Amino acid sequence: MAAEFLFSQFLSGLTTAIFLFLVASGLSLVFGVLRVLNFAHGTFYMLGAYLAWQTMAWLAPTKEGFWLAALAAATGIAILGFVVERLMFRHLYGKEELYQLLFTYALVLILGDAAKILWGTGQLSVSRPPSVEGSLSVFGALLPGYNLFVMVLGFAIAIGFWVILQRTSAGRMIRAAAMDREMLGSLGANVGVLYTGVFVVSSFLAGLSGALVSPIKAIVPGMDVEIIVEAFIVVVIGGLGSFWGTFLGALIYGQVLSFGILIFPRFSIFSVFALMAVILIVRPWGLLGRPLK
Amino acid sequence: MRRRTLLASAAASAAILPGRARAANEIKIGMPMALSGPGALYGQPITKGAEMCVAEINAAGGLLGRKLILLPRDSKGNADESVRVSRELILKDNVDFIVGSFTSAESPAVSTIAKENKVLMVAPTAKTIQLTSPANLHPYIFRTASTTDIEGRTAATLMAKWDVKRVATIAPDYAYGRDIMEAFSVLLKKLKPGVEIVDQQWPKLGQADFAPFITAQMSKQPDAVFGAVFAGDFASLVKQAKPLGYFDKIGNRYIGAGETGSIEMTRSLGTDYPVGIVANTYDPVIWPDAPEVHKKFTAAIKTHLKDDYGSSWAIMGYAGVQALAAGIKKAATIDADKVSKAMIGLTFETPIGPQIIRGKDQSANRGQFWGKLVRTAAHPFPVFEKVEYTDPTPFMD
């Protein structure tokens with residue numbers, strides 16, 4: 001097979017990976033720090049897509065308004081995250097996992113139904129902004145401008161995150177909280193504020209990634225459950241709570257999916273689940289995760 | 001909705017305690033249909049179409065001197081839920097007939113319930129050929145939808161007219177997708193022996209990320225593609241395929257089954273729609289050469305739906321009830337066995353003209369409208385350049 005086709009398949013996998021990383025990073029961050037597996041993360045993503053559509057419909061008749069709409073959607077979801085954390089989530093910390101699971105699942109159902117009431121059950125569509133409408137040719141493979149933009153953004157977010165985690169005092173606190181929150185609290189740090197902050201950032205990322213997929217995927221009810229399963233596979237492969245693990249997990253997921261489809265089209269998504277199963281058996285805490293004590 | 005169902009079933013169970021008493025002056029039709037979830041986009045107008053037909057029949061004095069009553073229930077487009085509500089409709093609400101269930105996953109399951117309870121059922125939209133295959137056929141199942149055989153084979157004849165050698169396919173990985181591709185491939189190879197199926201992609205139903213499927217397919221360098229990816233999945237496919245040059249590479253030689261040419265789809269995608277492809281629909285809605293009966297239907301359904309353009313799906317609910325009503329009228333009774341006998345070979349009126357239910361597979365000869373989608377100045381979304389109804393008769397055996 002010609003090299004440009006392989007490269008084009010690689011680019012498809014990379015596109016998949018970066019979109020997934022944007023979603024999964026927030027899921028992983030909340031688990032790492034708050035120790036809550038937030039199933040509603042996918043719902044925040046879906047609401048981000050709906051909000052982007054809504055903002056486009058209200059404020060910005062020009063298609064270039066998409067950028068503003070994406071930012072507005074992410075901010076809207078961040079505010080929703082703030083309210084949810086302040087009013088509800090904080091009662092869950094340290095509770096049994098079963099309660100956390102039931103609670104976040106309830107959020108999935110409630111917010112999912114709310115979205116149906118507000119936006120109906122039909123599919124909605126947002127067009128790509130004209131500034132990134134075209135495609136460029138890279139080594140004979142076509143790369144849509146919009147995908148390139150999201151890739152650059154994804155890498156920038158990954159590096160930005162790493163810098164914040166490693167080089168700032170907030171980052172140090174987040175890392176400390178992930179390791180031992182009681183100790184951090186007893187040293188006088190305001191753990192409550194830290195948790196709220198982390199949850200808001202995670203919600204922002206969910207809302208942003210939802211808004212960013214809206215020009216390339218149909219906005220439909222059920223996209224929340226679809227994405228949470230994929231994001232979950234990514235963090236399981238990479239290691240729950242591990243930042244670079246999530247990044248690596250997303251990259252591997254994208255390529256395994258992409259080349260799985262190329263090589264065994266009859267079993268399109270089997271390869272990804274097979275990979276997850278192998279990792280769960282061989283290294284249950286994920287590639288870069290730490291075994292739970 | 002749920003509470004109403006609960007109350008209704010509670011009331012019904014109280015009422016039926018002494019036995020399955022039926023009101024002599026009404027005919028009850030149960031309608032399990034996707035009223036929530038992704039399928040609701042179609043389930044809602046299908047139900048509205050059935051509702052309108054029932055209202056028209058009642059306004060004209062009912063059937064056999066009785067009033068028709070339609071009882072829609074939300075199947076969520078899911079087989080388990082469909083079976084549950086159908087059973088409830090039969091056992092608690094005492095329905096005399098069923099018109100419904102939406103998908104090819106639901107209807108075969110509901111068909112077994114119909115058979116068990118000897119309640120006659122009309123499937124208005126399920127296309128899988130398995131529903132009425134000899135092994136699954138029984139006196140209580142009738143179909144007014146098209147079938148995967150009709151749809152796949154029509155696409156094969158359209159494809160055979162093109163000067164192509166390397167054909168690829170993409171379809172959702174379940175009954176509908178598998179059956180339609182089987183029908184398509186077999187006939188295409190017969191019509192055009194030199195053609196080669198170079199690639200077949202099977203994304204799952206509900207797939208949102210299509211890029212890897214698209215590039216994998218492009219790597220096999222097809223000249224043309226037959227796709228059965230539908231609804232929201234088709235929208236995602238198109239949005240990702242267009243900038244990857246997928247439609248340009250094949251010169252827009254894409255034939256889209258699964259009602260991807262419906263007005264719901266073209267309106268939703270607007271400028272993102274890949275004009276130049278050939279796609280199908282149950283009802284073109286915007287149809288310059290429409291017969292009078294269709295024009296009347298379209299005007300009525302627009303009012304009923306409170307929508308400026310109407311719907312391409314309402315006709316399926318409407319015609320489903322028309323077929324059943326014609327059967328009851330011919331049998332002059334609501335006895336399921338007698339209505340079943342009357343429906344075999346029955347000719348019934350629909351907004352696109354009369355249709356016949358064959359005895360062999362108890363299915364109506366329902367074809368679809370196919371055509372190339374183009375942009376015009378008259379509408380803000382693509383419309384058919386020239387739409388043609390394809391007679392399904394040659395494709396049914």
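What you see is a predicted model, and the numbers here were worked out from it, not measured in a lab.
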- [ ] Tell me, for B:D209 versus chain A, whether the close heavy atoms (under 4.5 Å) come from the side chain, the backbone, both or neither.
- [x] both
- [ ] Identify which part of A:T15 has an atom lying under 4.5 Å from any heavy atom of chain B, answering side chain, backbone, both or neither.
- [x] neither
TODO: Mark yes or no for whether B:K239, through its side chain, and A:R128, through its backbone, hold a donor-acceptor pair below 3.5 Å.
DONE: no
Task: Contacting moiety of B:R178, where chain A heavy atoms sit under 4.5 Å - done: side chain
- [ ] Identify which part of A:S214 has an atom lying under 4.5 Å from any heavy atom of chain B, answering side chain, backbone, both or neither.
- [x] backbone
Open item on the list: I'd like to know which of A:T16, A:L142, A:L124, A:I216 tops the heavy-atom pair count under 4.5 Å against chain B.
Closed with: A:I216
Task: Within 6.0 angstrom of B:K165 NZ, more than 12 heavy atoms from elsewhere - done: no
Task: Contact check, side chains of B:E264 and A:Q123, non-hydrogen atoms, under 4.5 Å - done: no
Open item on the list: Could you check whether any side-chain N or O of A:S258 sits under 3.5 Å from a backbone N or O of B:P212, counting only pairs where one atom can act as donor and the other as acceptor?
Closed with: no
- [ ] Name the member of B:G43, B:G270, B:A208, B:A235 that forms the most heavy-atom pairs with chain A at distances under 4.5 Å.
- [x] B:A208
- [ ] Look only at the side chain of A:S12 and the backbone of B:A211, and say whether a donor-acceptor pair between them is shorter than 3.5 Å.
- [x] yes
Task: N/O donor-acceptor pair under 3.5 Å between B:Q201 side chain and A:P265 backbone - done: no
Open item on the list: Within the structure provided, determine whether A:E226 and B:Q207 are in side-chain contact (heavy-atom separation under 4.5 Å).
Closed with: no
Open item on the list: Looking at A:K116, I'd like to know if its NZ atom is crowded, meaning that more than 12 non-hydrogen atoms belonging to other residues, nucleotides or ligands lie closer than 6.0 Å.
Closed with: yes
